[in-house]
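Chain A is the first sequence line, chain B the second, and so forth, proteins listed ahead of strands; every chain is numbered from 1.
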Amino acid sequence: MSVVTRFAPSPTGYLHIGGLRTALFSWLTARHHGGTFRLRIEDTDLSRNSEEAMAAILRAFDWVGLSYDGEVVYQSQRFDLYREYIDRLLEEDKAYRCYMTREELDALREAQIARGERPRYDSRYRDFTGTPPAGVNPVIRIKAPQEGTIVIDDGIKGRIEIAAEEVDDFIIARSDGTPTYNFVVAIDDALMEITDVIRGDDHLYNTPKQLVIYGALGFTPPRFYHVAMINNEQGKKLSKRDGATDVMEYKARGFLPEALLNFLVRLGWSHGDQEIFSLEEMIELFDPRDINKSASSYNLDKLLWLNAHYIKAKPDAELIELLKDFGVDLSDHPKASAILAATRERGKTLVELAGQIRLITEVPAAYDEKAVKKAFKEDTVELLKDFSFRLYKNQPESQEDFHVEMQRLVEEREIGFGKIGMPLRVSLLGSMTGAGMDEVMAILGVDETIARIERAIGELGVRN
RNA sequence: GACCCUUUCAUCUAGUGGCCAAGGAUGCUGCGUUUUCAUCGCAGUCACAGAGGUUCAAAUCCUCUAAGGGUCGCCA
């Protein structure tokens with residue numbers, strides 16, 4: 001039988017990285033088996049739906065490149081279908097109407113909590129045959145088993161037994177007739193023929209309820225895999241306060257989707273000592289049974305390291321495209337590949353890389369104070385003038401030509417490399433760090449190099 | 001409070017009774033390469049939550065304790 005997995009978000013907000021990881025795990029499981037990956041939107045609570053959130057989730061999927069099969073299923077469009085199953089359960093006496101009001105329910109809950117009990121519905125209308133109270137729109141509850149145990153055979157956590165008493169006759173249809181979450185999930189997973197349900201372990205307690213539905217309707221349950229949560233760097237639950245939890249925020253911050261995916265796949269899953277996984281390798285090697293039981297913590301340093309790795313490996317043409325979103329357009333630049341060669345190892349994100357590139361392509365807007373202090377000494381101006389005259393006279397072109405010019409200067413004048421290197425660097429880039437000087441000069445060309453040196457002398461020369 | 005889950009370096013993890021005086025990666029520190037920074041290379045740093053068992057032998061099996069987390073809705 002072919003494998004079918006799904007990702008089933010509710011459209012109440014953007015896609016966060018925890019959600020993306022479970023989506024990735026589900027996607028990989030399907031792709032590994034050449035199966036099917038479906039997307040389903042859990043929007044049964046009509047009051048909480050958001051078009052915008054829906055679109056945001058789809059955008060995030062698109063950015064990271066997770067493809068889904070078939071049409072997106074919207075639960076809000078399947079209410080008639082769910083109704084049929086509710087009627088069937090009612091007919092078969094596997095579900096019943098409950099006339100308790102919200103107020104009565106609240107009172108019951110409070111009393112139970114006060115007594116130190118686990119709050120649960122007391123099944124008072126389970127076998128009710130009398131005259132229903134007037135003016136109450138009933139909810140519909142399922143008859144859950146009252147004794148025995150419900151067993152979850154989880155692909156990650158192993159066998160989990162839950163006492164039947166823990167699962168009450170939960171509501172499957174609200175008083176307005178709309179079906180509830182646990183009910184529709186079970187129906188849809190069954191009808192969509194989902195074979196492997198991979199979801200966050202915050203859903204672990206929903207599983208016995210869904211198993212009750214499967215049982216009542218005679219469906220065969222799928223395999224379940226409950227993945228532990230991702231915590232923040234302090235080991236606490238990831239929340240919006242922890243910075244970028246929105247997947248699209250990573251795009252804005254200059255992360256590559258392959259880095260994010262590689263980072264996420266290693267959170268709770270591994271394959272020996274391997275750290276770097278292409279999408280193809282992930283698909284080949286991933287098995288949900290290898291997912292770890294314990295929660296893992298988000299770690300920005302590792303993500304940054306991976307991002308740097310993928311930036312280094314990115315072909316020029318693709319990098320040039322990506323950089324456009326960060327205010328750098330190298331597409332018509334004759335020295336584009338030289339610029340990237342000089343800078344790509346100096347940026348952990350596209351934002352940083354764009355900054356490094358601008359250092360070269362734009363005339364320094366300011367000169368770093370500390371750098372100036374350190375680099376500009378008494379004889380600096382004279383030295384720079386000498387160097388720039390040599391450039392004018394010899395017209396070097398290649399990186400090597402420029403290197404030779406520097407080499408000759410330090411040899412003939414018997415000075416250290418730093419003597420010219422530092423002030424030159426400050427003059428050209430405005431900063432003490434960055435790409436190699438010969439590289440930069442070859443990119444700028446003689447004229448621009450001289451112009452920047454002269455400008456720096458004009459701005460800084462008189463100060464010391 | 002009840003029920004359930006989890007527990008190896010700071011972090012992600014390898015590990016399913018002997019190959020483990022615990023391996024890899026990130027981070028951090030140092031050294032080397034580099035005119036600088038970064039990259040890269042090398043080295044160092046750092047862990048089996050605790051206590052009892054079982055066994056010739058335990059990170060691995062059992063029991064208890066502790067700590068962390070999840071869930072208890074006419075939300076999903």
Side-chain angles (χ1 to χ4, degrees), chain A residues 8-12 42-45 47-48 75 98 100-102 105-106 109 112-120 137-141 152 154 156-158 160-163 165-168 170-178 180-182 184-185 200-206 208 226 228-229 231 233 235-237 263 266-276 292-306 308 312 342-348 352 356 371 374-375 403 406-407 410 416-422 424-426 429 431-438:
Chain A
S10 60
T12 50
E42 318 248 283
D43 53 356
T44 51
D45 186 355
S47 63
R48 299 215 313 180
Q75 293 186 322
C98 166
M100 256 181 113
T101 63
R102 285 168 208 263
L105 225 32
D106 288 343
R109 244 193 302 273
Q112 286 167 329
I113 291 170
R115 270 180 272 136
E117 294 168 16
R118 181 186 169 82
R120 65 193 291 283
N137 283 328
V139 299
I140 295 167
R141 291 179 180 274
I152 306 168
D154 192 87
I156 295 171
K157 311 238 183 216
I160 298 165
E161 292 185 18
I162 310 253
E165 302 88 71
E166 294 296 323
V167 180
D168 64 6
F170 60 95
I171 293 172
I172 59 173
R174 303 182 182 92
S175 49
D176 66 1
T178 58
T180 60
Y181 172 77
N182 281 118
V184 297
V185 167
D201 73 358
D202 49 339
H203 285 286
L204 193 57
Y205 250 77
N206 290 321
H226 287 96
M229 304 277 91
N231 295 324
E233 302 195 58
K236 299 286 177 193
K237 193 179 177 182
F263 171 69
R266 284 285 290 100
L267 238 41
W269 177 84
S270 60
H271 182 258
D273 288 341
Q274 188 170 345
E275 295 289 346
I276 306 293
N292 288 164
K293 293 177 175 182
S294 55
S296 41
S297 288
Y298 174 89
N299 177 224
L300 185 63
D301 282 327
K302 191 133 184 186
L303 173 58
L304 246 13
W305 172 73
L306 282 164
K312 278 184 275 180
T343 53
R344 71 191 312 150
E345 285 174 359
R346 282 164 236 272
K348 285 188 194 303
E352 287 179 15
Q356 287 291 329
K374 201 168 176 194
H403 185 76
M406 290 182 75
Q407 197 71 46
V410 299
F417 237 114
K419 204 83 179 151
I420 181 65
M422 285 200 290
L424 191 57
R425 176 176 302 285
V426 173
L429 303 178
S431 138
M432 194 70 138
T433 63
M437 282 298 92
D438 43 11

Of B:C5, B:U39, B:C12, the nucleotide closest to the side chain of A:Glu345 is B:U39
Sugar-phosphate, base or nothing in reach of A:Ala435, heavy atoms under 4.0 Å: base
Sorted by chain and number, sequence neighbours left out, salt bridge (charged side-chain N to carboxylate O under 4.0 Å, His left out) with A:Arg141 holds for none
Handout entry: Integer angstrom distance from the P of B:G24 to that of B:G41
Key = 15 Å
Which of B:G27, B:C4, B:C12 is nearest the side chain of A:Arg266? It is B:C12
Ion pair present between A:Arg120 and A:Glu166, side-chain N to carboxylate O less than 4.0 angstrom?
no
query: When the C1' atoms of B:C5 and B:U45 are considered, how many whole Å apart are they?
result: 33 Å
Polar atoms only, N or O, under 3.5 Å: list the protein pairs with nucleotides 18-20 of chain B and their distances.
none

Indicate, with a heavy-atom threshold strictly under 4.0 Å, whether A:Leu267 touches base, sugar-phosphate, or nothing. sugar-phosphate
Under a 3.5 Å limit on both distances, the Watson-Crick or wobble mate of B:C61 is B:G53
Between A:Thr180 and A:Leu204, the residue closer to the 5' end of RNA chain B by nearest nucleotide is A:Leu204
Expected rows: protein N/O vs nucleotides 6-10 of chain B N/O, under 3.5 Å:
none

Across all chains, not counting sequence neighbours, the salt bridge (charged side-chain N to carboxylate O under 4.0 Å, His left out) partners of A:Glu352 are none
Check: With a 4.0 Å cut-off on heavy atoms, is A:Met229 in touch with a base, just the backbone sugar-phosphate, or nothing at all?
Finding: nothing
Against the side chain of A:Arg118, the closest entry in B:U35, B:A2, B:U26 is B:A2
Winner on side-chain proximity to A:Lys348, out of B:U35, B:C12, B:U39, is B:U39
Side-chain atoms of A:Asp202 come closest, of B:G70, B:U35, B:C3, to B:G70
Checking all strands, does A:Glu166 fall into the base, sugar-phosphate, or nothing category for heavy-atom contacts under 4.0 angstrom? sugar-phosphate
Using a heavy-atom cut-off of 4.0 Å across all strands, would you classify A:Gly436 as base, sugar-phosphate, or nothing?
base
The salt bridge (charged side-chain N to carboxylate O under 4.0 Å, His left out) partners of A:Asp106 (sequence neighbours excluded) come to A:Arg109
Hits for side chain to side chain donor-acceptor pair (under 3.5 Å) against A:Arg102, two or more places apart or cross-chain, chain-then-number order -> none
Distance between P atoms of B:C74 and B:A67 (Å, rounded)
32 Å
Ranking B:C74, B:U39, B:G24 by distance to the side chain of A:Lys302, first place goes to B:G24
Applying the 3.5 Å cut-off to both distances, the Watson-Crick or G-U partner of B:A10 turns out to be B:U26
Practice problem: Taking only the side-chain nitrogens and oxygens of A:Arg344, find out if one of them lies under 4.0 Å from OP1 or OP2 of B:U39. | Solution: no
Ring-ring centroid check A:Phe263 A:Tyr298, cutoff 6.0 Å: yes
*Quantified in whole Å, what is the C1' atom distance between nucleotide B:C42 and nucleotide B:U60?*
34 Å
Between OH of A:Tyr181 and P of B:C74 the distance, given in whole Å, is 16 Å
Applying side-chain contact (heavy atoms from CB on, under 4.5 Å) to A:Asp176 and not counting sequence neighbours gives A:Arg174, A:Thr178
Those residues at least two apart in sequence (or on a different chain) that pass side chain to side chain donor-acceptor pair (under 3.5 Å) with A:Asp154 are A:His226
Among B:U36, B:U35, B:U26, the one nearest any side-chain atom of A:Met406 is B:U35
Check your understanding: Base, sugar-phosphate, or nothing: which does A:Lys419 touch, judged by heavy atoms less than 4.0 Å apart?
Key -> nothing
>> If I pick the C1' atom on B:G23 and the same atom on B:A14, what distance separates them, to the nearest angstrom?
In response: 6 Å
Show each protein N/O and nucleotides 14-17 of chain B N/O combination with a separation under 3.5 Å, one pair to a line.
from  : atom 1 : to       : atom 2 : distance (Å)
B:A14 : OP1    : A:Ser270 : OG     : 3.0
B:A14 : OP1    : A:Asn292 : ND2    : 3.4

Q) Can you find a donor-acceptor pair, distance only, under 3.5 Å between A:Glu275 side chain and B:G24 base? A) yes
Does the B:C3 base have a donor-acceptor partner in the side chain of A:Tyr205 within less than 3.5 Å?
-> yes
- Would you indicate what A:Ser10 reaches in the nucleic acid, counting non-hydrogen atoms under 4.0 angstrom: base, sugar-phosphate, or nothing? sugar-phosphate
On the side chain of A:Ser296, is there an atom forming a donor-acceptor pair with the base of B:C12 - under 3.5 Å, no angle test?
no
A:Asp438 meets the side chain to side chain donor-acceptor pair (under 3.5 Å) criterion, sequence neighbours left out, with A:His403
For B:U34, the nucleotide meeting Watson-Crick or G-U wobble distances (both under 3.5 Å) is none
Those residues at least two apart in sequence (or on a different chain) that pass side chain to side chain donor-acceptor pair (under 3.5 Å) with A:Tyr205 are none
Distance, C1' atom - from B:U55 to B:G17, rounded to whole angstrom: 9 Å
Sequence neighbours excluded, the answer for salt bridge (charged side-chain N to carboxylate O under 4.0 Å, His left out) partners of A:Glu165 is none
- Query: With respect to the phosphate group of B:U34, does any side-chain polar atom (N or O) of A:Arg425 fall under 4.0 Å of OP1 or OP2?
  - Reply: no
**Distance below 4.0 Å between A:Thr44 side-chain N/O and B:C75 OP1 or OP2** = no
